[in-house]
Amino acid sequence: MRIWYVSSECAPFSKSGGLADVAYSLPPVLKAAGDDVEIVTPLYRFTWEHFGHDLVFVGTWPIQLKDQVIDANVWKGERAGVPVWFIGQDQLFMREGKQLYGYDDDGWRFAFFSKAVITLMGEISPLPDIIHCNDWETAPAILYLKDRQQADSRFSAVRSVYTIHNIAYQGQFAREKMYSVFALDNSWYDRALIFGYEGREDINLMKGAMMMADAVTTVSPTYARELHHHQFAQGLEGVIDYVDGKLYGILNGIDTETYDPRTDTRIPAPFSAEDLGGKAACKAAVQQRFGLTPEPGWPLVAVVARLVEQKGLDLIRDALPGLMDLGVQVVVFGQGDPWYTGYFRWAADKWRGQMGFSDDYTEEVASEIFAGADFYLMPSRFEPCGLSQMMAMRYGTVPIVRETGGLRDSVRVYSSFDGVGEGFAFSEYAAKDLYLAILDAVKLYFSDPDTFNTLRQRCMNKDFSWERSAEQYQRMYKEVYMAGHSEGLSFQEAFENIRDLYAQNDAKNRQNHPERYGPEFRRVIEIELMGEGAGWLYIETTGQGFRVEPWSYHDADAHIKCSYHHLMRMMRGETTAPRLFMKGRLKITGNLAKGFEIKNLLSAD
């Protein structure tokens, strides 16, 4: 399958946050699994200055936005065997420094980039089967694709996927910019972009892309579920509910070859899960770099993050005096809000030798900290996925996290009762709860070094590779592609297929498990099919037999909502009800105990 992976940043060519790491890591794994993947990204000054000598000039294409025509210079590079197309425009992207975003004309910059993506599609390489866009900066490309599909039938087969890496950054603009900046006609306002905000009529690019894309993904299963609630969705919870039938939650991975303490040349000494000896030298290097007292026995807690409110820095600030009283050493490393940089610089001066801070961010120092710390602290208010906790765990640094989003999906909480787990966590967003989680971790560090080393080894052995996530992306791509290339399934056809397969499964279940079907047994499950073959049906199963009827049943024991495709996969035994439920692909309301009996009723076992 041909995939265009479109991103406003891609490491090592450009980086502002985790999106760059995803764009860096996922496409090569998809390619290795058999897909034909190409990356499309802007050509920034930093990219040109550091990697320009490796790029090949392809040509110049005129890009039209409204009545303006602006030239796009296209260059070609490579990342791990994956072609990378760089779209350049000197006035928009050749700006001083490493900063990628935060300019007054960001809307215009990424309108141009998105329009260039759609204009160049089919010009610089064959048309893709899937275009995969990320975050608000590339959201307009989804809309421009819809316009082009209306005008040119050659593009009608291209399917679109849109990933939300952080719903807090939505691409919200005044309504008049819909045409003056993004060159979208007025019909787009009511179709997809309308967004009321503080009494104004704004447009919301993320909303538009979610509405128009053929599939929407987020970067962890828990985050996909959280987005249905207003405290996480930043005003878009209604849109999330609307697109739920095409919403996927797929946990990100990391490049486990880059983040490998056995071979990483950026750290002072190599080590492994079997031999942790080199970690002590890494810890000493971090203590020296940040001016900490060179005490090998003191627990070292590290934070490597963007210094913004989302990351739970107010909790760290409030808990910090107590941590200093515990004798814990703390290192904070990152750039961001001047208020936080000012506070942590002050704290490093106040608790000199015990608290360290720097905002001179480099990947090399970040890896050194991952390798040298004993604990990695990530108390985020919300966290769509989080990658740095995975990176730290690869170096045997035990995580202390808040149970939210991808942190919950990637860190299993240690239990002293049965010994399972590899990290520490807290639920309530409160400094007291953070402090208590750190206290539990420190107690284990001092009182049971053997168990603490076991946790380190579990962290290092945990599978955070992209291969597992890539399999889920490939299944999603296939579902999206097949839906776009099928002739369309009517509800009557869907109903008949479900009824016939259920009859087969019911006969097998009654033969293999007669104990389930006593004379008083009766279950009624109502099913709402979403998407292809949409409609209502219900299944009534009793001790004497069953019936499947093509209408709703208000007083059913449980109510199921899912796609025809997922229901059939479950009935064929290709997936399970709990798995679909945990991924947000299956909704169950009513009597959950009876509802989850569909894992026995629908599939044969």
Side-chain angles (χ1 to χ4, degrees), residues 267-269 276 279-307 311-362 364-380 388-389 392 395-402 423-424 426 430-449 452-453 455-456:
I267 64 176
L276 291 165
K279 193 168 175 68
C282 296
K283 180 174 182 177
V286 174
Q287 290 173 324
Q288 181 179 15
R289 179 182 293 276
F290 286 86
L292 304 180
T293 304
E295 291 284 353
W298 291 12
L300 175 58
V301 178
V303 178
V304 179
R306 286 182 297 114
L307 302 184
K311 297 298 182 180
L313 300 177
D314 52 332
L315 300 189
I316 298 174
R317 175 201 62 202
D318 293 345
L320 193 56
L323 298 181
M324 297 295 99
D325 290 342
L326 280 179
V328 171
Q329 292 183 330
V330 177
V331 165
V332 177
F333 185 56
Q335 300 173 337
D337 189 322
W339 193 95
Y340 288 119
T341 59
Y343 170 76
F344 287 117
R345 190 168 284 113
W346 170 86
D349 183 64
K350 176 178 175 60
W351 290 291
R352 202 169 293 179
Q354 197 176 349
M355 167 75 199
F357 170 74
S358 173
D359 59 357
D360 186 17
Y361 184 87
T362 67
E364 291 73 20
V365 176
S367 289
E368 184 180 297
I369 295 171
F370 291 149
D374 297 303
F375 298 101
Y376 185 75
L377 188 57
M378 205 163 178
S380 303
S388 56
Q389 83 277 9
Y395 294 87
T397 297
V398 176
I400 304 172
V401 303
R402 181 166 176 260
F424 297 84
F426 65 102
K432 178 191 71 174
D433 294 79
L434 167 63
Y435 176 83
L436 292 175
I438 297 173
L439 183 60
D440 286 342
V442 171
K443 285 179 179 178
L444 182 70
Y445 175 89
F446 282 119
S447 64
D448 194 345
F452 181 70
N453 280 335
L455 265 60
R456 280 178 161 165

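- Contact check for Pro296 versus Lys283: no side-chain heavy atoms found under the 4.5 Å cut-off.
- Atom NZ of Lys443 and atom CZ of Phe424 lie 11.0 Å apart (nearest 0.5 Å).
- Summarising the geometry of Ile400 relative to Ala441, their closest heavy-atom pair is CD1-CB, 3.8 Å, with the distance given to 0.1 Å.
- Within 6.0 Å of the CG atom in Asp360, the count of heavy atoms belonging to other residues, nucleotides or ligands does not exceed 12.
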For this session: Begin from the C-alpha positions of Phe290 and Leu300 and carry the test side chain to side chain contact (heavy atoms under 4.5 Å, CB included) through to its verdict.
Result: CA-CA 12 Å; Phe290 286 86; Leu300 175 58; over 6 Å; no
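- Formation of a donor-acceptor pair under 3.5 Å by the Tyr445 side chain with backbone atoms of Gly297 is found in this model.
- Nearest heavy-atom pair, Lys311 versus Ala305, reported as atom, atom and distance to 0.1 Å: CG-CB, 4.2 Å.
- The two atoms that bring Gly356 and Leu292 nearest to each other are N-CD2, 3.7 Å, heavy atoms only.
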Exercise. Can you check side chain to side chain contact (heavy atoms under 4.5 Å, CB included) on Leu313 and Phe344, steps first, answer last?
Worked result: CA-CA 10 Å; Leu313 300 177; Phe344 287 117; 4.3 Å; yes
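- Across every non-hydrogen atom of Ile369 and Val286, the tightest pair is CA-CG2, 3.9 Å.
- Within a 6.0 Å radius of CD in Gln288, other residues, nucleotides and ligands contribute 12 heavy atoms or fewer.
- Across Val442, Val398, Leu377, a single residue satisfies side chain to side chain contact (heavy atoms under 4.5 Å, CB included) together with Val301, and that is Leu377.
- Counting all heavy atoms, side chain and backbone alike, Phe426 lies closest to Pro379 at CZ-CB, 3.6 Å.
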For this session: Test side chain to side chain contact (heavy atoms under 4.5 Å, CB included) on Ser447 and Phe452 and set out the steps.
Result: CA-CA 9 Å; Ser447 64; Phe452 181 70; over 6 Å; no
When the side chains of residues 326-340 are checked against the rest of the protein, which donor-acceptor pairs come out under 3.5 Å, sequence neighbours left out?
from	atom 1	to	atom 2	distance (Å)
Gln329	OE1	Gln287	NE2	2.8
Gln329	NE2	Thr293	O	2.8
Gln335	NE2	Asp359	O	3.0
Asp337	OD1	Trp339	N	2.8

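- Partners of Ala347 by side-chain contact (heavy atoms from CB on, under 4.5 Å), not counting sequence neighbours, listed by chain and number: Leu320, Tyr343, Trp351, Met355.
- The CD1 atom of Ile438 sits 4.5 Å away from the CG atom of Leu323 when rounded to the nearest 0.5 Å.
- Pairing each heavy atom of Pro321 with each of Asp318, the nearest pair is CD-O, 3.7 Å.
- Looking at Thr397, its side chain never comes within 3.5 Å of a backbone N or O of Tyr376 through a donor-acceptor pair.
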For this session: Start with the C-alpha distance between Asp374 and Lys279, add both sets of side-chain angles, then the distance that settles salt bridge (charged side-chain N to carboxylate O under 4.0 Å, His left out), and finish with yes or no.
Result: CA-CA 9 Å; Asp374 297 303; Lys279 193 168 175 68; 5.9 Å; no
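- Partners of Arg317 under the side-chain hydrogen bond (donor to acceptor under 3.5 Å, both in side chains) rule, at least two apart in sequence or in another chain, do not exist in this structure.
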